[in-house]
Amino acid sequence: MWTWLKAKVSMLRDEPSSPVPPPTAPTPEDSEGPTWVQKLDDRLKTIARAQSKLSLRLDEFARDVEQRFERVLTHEPPAKVPALLDPTPVLDAIDRLDDACRMLSSHDRGVTDGLRTIGARLEGFLGSMGVERRTDVGTAPDPRLYRVVGTEATSEAPDGITTRVVRSAALRGRDVLREGEVLVSRRTP
Amino acid sequence: MNPVIGIDLGTTNSVVAELVDGRPRAIRVDGSPIVPSVVLYQLDGSIIAGQRARNLALQFPERTVRSVKRQMGRVPLIDVAGRKVRPEEVSAEILRTLVQAARDELGVPVTQAVITVPAYFDDAQRRATLAAGELAGLTVLRLLNEPTSASLVYDPPIANSPDGAAVGGPELMLVYDLGGGTFDVSVLEVLGDIREVRASAGNSALGGDDFDEKLLHRFVDEIRAKHRIDVTSNIVAMARLRRAAENAKIALSRETEVSVHEEFLAEAEGAPVHLNMVITRRELETMLLTLLESTIDLAETAIEDAKLAAHERLGRICLVGGSTRIPLVRQLLGGAFEAEIHEEIDPDLAVGLGAAMQAGLLLGAPVARLLVDVAAHSLGIRSLGIDEDWDEADHFAPVLRRNTALPAERAEEFYTAVPDQESVRVEVFQGESARASDNTFVGEFTFPLRPSPAGSPVEIRFSYDLDGVIRVTASQQGGEQKTVSLKVADAGDSTESQTPIARRARALLAQLSEPERTELQRQLDAYEAASGEAREAAENVLLDLFLEYEGDDDDEDDLDGDDE
């Protein structure tokens, strides 16, 4: 609407010889010539701005509604059990205790036992939060739970058996919270 | 009704996405939307693909195929597990895994999909991909170029959109895709729903894995220097260090420094060896600079190959691939090209999400924009520029950049200017000008410093929620920290809720040539900086410019409309 009128006004203003006929019944204002056209042009401009603003505001409103609707749809209901903060640092700490125990020699038995007890306490804490720490050794690794990061040559175990857990895995219910890392056996003759 | 599915069949990882109520959503496979493109042929004849195959790959290298995409249309057969298979058969296994996951998620059979391919794929490679889709039981609706797919997520062709690309001339978009193992960059011409890749360049052996490797070597060197042992032959130590390197790299995209602690890593002369070190973002950036500069060179090559006409210029840069989260990537791109940088869509998923949108467009499903809350303006502080005197410091140093997805937390390191500097004045601004005084002042506070040599780091951290409040924290290593909350009037907008006038102006900017472009930009800046009555006046000026610059195209449509 606006652009059509604008085109007509432009024709009146810029091209006096336009085939579009001028108004047949001129009012007193028309005797002012370009002022009449200018006034009409200004008013049309004001209308056009208002129309444009309205359309943009409507668009803004539509977007706002759409966005709020999306948030409502994606809003997760409050969990029944308070969610545990990321258990990774605790799991890593228990893994490091295991590493420490592995490095201690047999006459450090007392220290080893103490560290293992601390590890068990931390594991118990995780368990109370619904987190199950997994360190499966002696079986083929479950690829859903563990990533094989290396192999160890051995003549004692069959091929493909987990010989060491480098990083423990963790589950909450059936969900894998974190993937573990393991070494597996590679049988040598 | 058939589900609307798009698949990003990647070299390292793949993604499957569906269109729900017009918006794409990635489907989780084995708990993650990012699926390793790895296939394992088991002894019992069964075949597994994805995360579980990746997890067993090191155990069964002779029965595993990785990066099969590189072989597509290039080699007829691959030797694996004592048999010969066609690359398209291997790809089909990945597709089957993705389709199965989609079927499990949606509860209905999936029979058709759009699959993405690199823009540089030739006819043989495309035919092989098509064959893979058919082997997986899919009707391939279209093979879609990856950069085109990414562009759809950032700028879908939506009918009657006020800022749709169909207004005016075409927009040129640079799609910068830095993934785990490959880098691709493309110049794309976008005009409404017509998208054409004008040029592409890339490096098929560069990606995030190389960056991890740099950090891994840094850790190994640190252990060698401190404990005089070489841990490279220690499988367990290397596995732990590799993971630590990846974690540190990811953390350094948010933090200016991270502490790496790996206790009981190995033994040296009967004593345990620990790795305890701090690695800074600056240090990582120094390691990566040459590699990342090479990607900028390739982007320049692509732009040269695209042969831009005198009146053409890049409208925007879209970041794709997980490695684009590294702040230096954006910094280098910002320095090399004058175009707005977009990174608000999850870069790991963008190509897959775009494929789902394309599938929707082909099947006549409604397609809508993704709703992402972003920072509408860059937020940063006034600092001393390289060539500035102390008393005329007016350099604007952005910390949290425009179009960053919210909520977000970003930190940058700044350095004291003189020895034993007693305090630092943290003046916060929002805007895009390189001069702080040309941007909008948000607030300020003074942070007392402990005595330290000139050039000592001070961390400035911006934490930004959706409530329009930013928390600015200044801290000094080993010293105190101070946090101030500042209310930002309209910086907490999203691309979706920026004022429609600003959005429309930006869409129009990309399609104008000089001098109209400069004029519109000037008026837009004035509008965004203004408030109250001045803003209303600036809005009117913008509306008039829209009418003037877009008028010719609209006339015909409106006349048609009137005739009806």
Side-chain angles (χ1 to χ4, degrees), chain A residues 1-7 45-46 48-50 52-53 55-60 63-64 66-67 69-71 73-74 88 92-93 95-105 140-152 159-160 164 166-167 175-177 179 181-184 186, chain B residues 20-21 23 30-31 40 48 51-60 161-163 235-240 242-243 261-267 270-272 274 368-369 371 373 494 496-501 503-504 539-540 543-544 546-547 550-559 561-562:
Chain A
M1 173 68 180
W2 146 248
T3 45
W4 182 84
L5 281 170
K6 192 178 90 170
K45 204 174 254 184
T46 308
R49 273 187 203 148
S52 208
K53 263 188 201 175
S55 122
L56 288 166
R57 296 260 151 83
L58 195 62
D59 177 60
E60 188 175 30
R63 279 166 192 273
D64 188 43
E66 197 174 25
Q67 205 162 2
F69 185 58
E70 176 79 6
R71 282 183 188 147
L73 284 181
T74 56
T88 304
D92 285 343
D95 290 350
R96 296 297 78 82
L97 287 173
D98 283 352
D99 289 332
C101 292
R102 207 172 285 123
M103 279 186 195
L104 290 166
S105 57
D142 174 355
R144 197 177 72 95
L145 266 184
Y146 297 105
R147 181 175 185 174
V148 176
V149 293
T151 57
E152 281 186 317
D159 245 359
R164 179 165 168 186
V166 178
R167 181 181 194 249
D175 295 336
V176 179
L177 283 185
E179 209 174 66
E181 289 178 347
V182 295
L183 299 188
V184 295
R186 184 166 293 280
Chain B
V20 186
D21 296 330
R23 296 208 167 84
D30 289 333
L40 173 68
I48 55 174
Q51 188 186 3
R52 287 180 299 149
R54 191 272 316 266
N55 284 354
L56 296 176
L58 211 141
Q59 187 181 353
F60 305 112
S161 168
D163 54 351
I235 306 167
V236 173
M238 289 302 280
R240 282 177 55 188
R242 188 163 280 115
R243 179 172 284 279
H261 302 293
E262 289 294 331
E263 303 88 355
F264 302 100
L265 196 60
E267 279 184 274
H274 313 302
R369 281 171 202 283
L371 297 177
D373 291 303
S494 74
E496 295 308 312
S497 62
Q498 277 177 37
T499 62
I501 288 185
R503 272 204 310 276
R504 185 163 178 171
E539 187 176 285
N540 282 340
L543 286 168
D544 288 348
F546 295 162
L547 291 168
E550 295 172 353
D552 294 344
D553 291 341
D554 291 348
D555 283 355
E556 210 168 294
D557 295 343
D558 284 6
L559 279 168
D562 283 337

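Lettering of chains follows the sequences in order, A, B, ..., and the numbering in each one begins at 1. Only heavy atoms go into these numbers, but all of them, side chains included; no hydrogens, no water, no symmetry mates.
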Which portion of B/Leu543 sits near chain A, non-hydrogen atoms under 4.5 angstrom
side chain

Hey, which of A/Gly160, A/Gly150, A/Ala100, A/Pro141 has the most heavy atom pairs under 4.5 Å with chain B?
A/Ala100

The interface call for A/Arg102 against chain B, heavy-atom contacts under 4.5 Å, is neither

If one checks every heavy atom of A/Val149 against chain B at 4.5 Å, the contacting part turns out to be both

For chain A, which of B/Met238, B/His261, B/Arg240 has the most heavy-atom pairs under 4.5 Å?
B/Arg240

Mind checking what makes salt bridge (Lys or Arg N to Asp or Glu O under 4.0 Å) contact with B/Arg243, not counting sequence neighbours?
A/Glu181

If I take atom CZ from residue A/Arg144 and atom CG from residue B/Asn55, how far apart are they, to the nearest 0.5 angstrom?
11.5 Å

Does the A/Arg186 side chain pair with the main chain of B/Gln59, one donor and one acceptor, at a distance under 3.5 Å?
yes

Taking every non-hydrogen pair under 4.5 Å, which of B/Glu539, B/Arg242, B/Glu262 racks up the most with chain A?
B/Glu539

Please report the shortest heavy-atom distance between B/Pro272 and A/Met103, naming the atom on each side.
CB-SD, 3.8 Å

To the nearest 0.5 Å, how far apart are CD1 in B/Ile235 and OG1 in A/Thr151?
5.5 Å

What distance do A/Leu104 atom CG and B/Phe264 atom CZ have between them, rounded to the nearest 0.5 Å?
7.0 Å

Partner set under side-chain contact (heavy atoms from CB on, under 4.5 Å) for B/Ile48, not counting sequence neighbours:
B/Leu40, B/Gln42, B/Arg52, B/Ala53, B/Leu56

Part of B/Asp30 within contact of chain A (heavy atom distance under 4.5 Å)
neither

Highest number of heavy-atom pairs under 4.5 Å with chain B among A/Asp92, A/Asp99, A/Asp142, A/Leu145 belongs to A/Asp99

Chain B contact via A/Arg167 - side chain, backbone, both or neither, heavy atoms under 4.5 Å
side chain

Which portion of B/Ala266 sits near chain A, non-hydrogen atoms under 4.5 angstrom
backbone

